[in-house]
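Please read the structure below before turning to the comments.
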Amino acid sequence: EDQVTQSPEALRLQEGESSSLNCSYTVSGLRGLFWYRQDPGKGPEFLFTLYSAGEEKEKERLKATLTKKESFLHITAPKPEDSATYLCAVQAGETSGSRLTFGEGTQLTVNP
Amino acid sequence: KAGVTQTPRYLIKTRGQQVTLSCSPISGHRSVSWYQQTPGQGLQFLFEYFSETQRNKGNFPGRFSGRQFSNSRSEMNVSTLELGDSALYLCASSGPGANTGELFFGEGSRLTVL
């Protein structure tokens, strides 16, 4: 059974204080690892797709990296508007389609 | 370009009733999937439809069903509601040429079962 574990559950940062979120996964036949951002009362918003170990993707203050067992979401000099829940998900198996296994998320709060 | 639209946004039902939720995907998107989100279980996959055919199904009881129409709009139905069905139900669509895991989610339908 595919498993995704995210840590920490919650993270509180000061504006400008860089940090990383962790996503550990156990899957058979990884096809893709995804990061999403979810604001309160909204659906998740797609951020990145990573396919293979060593791959990195960047967008503004966010950088996602992937190893064979985990992924990190690095947040550089965060701003209050980066406050959200960040979700990691895996897609496994040849016929997985849009069937993703999500972690519980990391709730990030950035204080001004 | 309009996003994924879900209706209704909020609804309250009692145990034993049934409910139908509706989803209109982004124009041009033919794949529609449904997820249940609860504080204890997080986001869990319900099912996926593509060109009116169910392509994948999650581990939910048969009380949960769905369908997709020729215009790609989708509905999901939950019969004989239980208290544990209270959740945010999210619909997502994915577009041609993109990884099917790159999902565009709607804002969800929040179901409360009393």
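Residue numbers start from 1 in every chain, and the chains themselves are labelled A, B, ... in the order their sequence lines are given, proteins ahead of strands.
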If hydrophobic clusters are built by linking Ile, Leu, Val, Met, Phe, Trp and Tyr wherever their side-chain heavy atoms come under 4.5 Å apart, do [X] and [Y] end up in the same one?
X: Tyr89(B); Y: Leu81(B); value: yes
X: Leu111(B); Y: Leu88(B); value: no
X: Leu21(A); Y: Phe34(A); value: no
X: Phe45(B); Y: Leu43(B); value: yes
X: Leu11(A); Y: Ile75(A); value: yes

Take atom [atom1] of [X] as the centre, draw a 6.0 Å sphere, and report whether it contains more than 12 heavy atoms from other residues, nucleotides or ligands.
X: Lys57(B); atom1: NZ; value: yes
X: Arg63(B); atom1: CZ; value: yes
X: Glu81(A); atom1: CD; value: yes

So which part of [X] gets closer than 4.5 Å to some heavy atom of chain A, the side chain, the backbone, both or neither?
X: Glu102(B); value: both
X: Leu103(B); value: both
X: Tyr35(B); value: side chain
X: Gln41(B); value: backbone
X: Arg9(B); value: side chain

What part of [X] gets closer than 4.5 Å to chain B, counting heavy atoms only: side chain, backbone, both or neither?
X: Gln38(A); result: side chain
X: Phe48(A); result: neither
X: Leu47(A); result: neither

Atom pair CD (Glu45(A)) and CZ (Phe104(B)), whose distance is rounded to the nearest 0.5 Å: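 If we round to the nearest 0.5 Å, Glu45(A):CD and Phe104(B):CZ are 9.5 Å apart.
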
Can you tell me how far apart OG1 (Thr100(B)) and CG (Leu100(A)) are? Round to the nearest 0.5 Å. 7.5 Å

Who among Gln44(B), Glu107(B), Arg110(B) has the most heavy-atom pairs with chain A under 4.5 Å? Glu107(B)

What I'd like to find out is whether the side chain of Asn99(B) reaches to under 4.5 Å of the side chain of Tyr51(A), using heavy atoms alone.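 The answer is yes; the side chains approach within 4.5 Å.
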
Can you find a pair of side-chain heavy atoms, one from Leu90(B) and one from Pro44(A), that are under 4.5 Å apart?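 Leu90(B) vs Pro44(A): side chains touch.
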
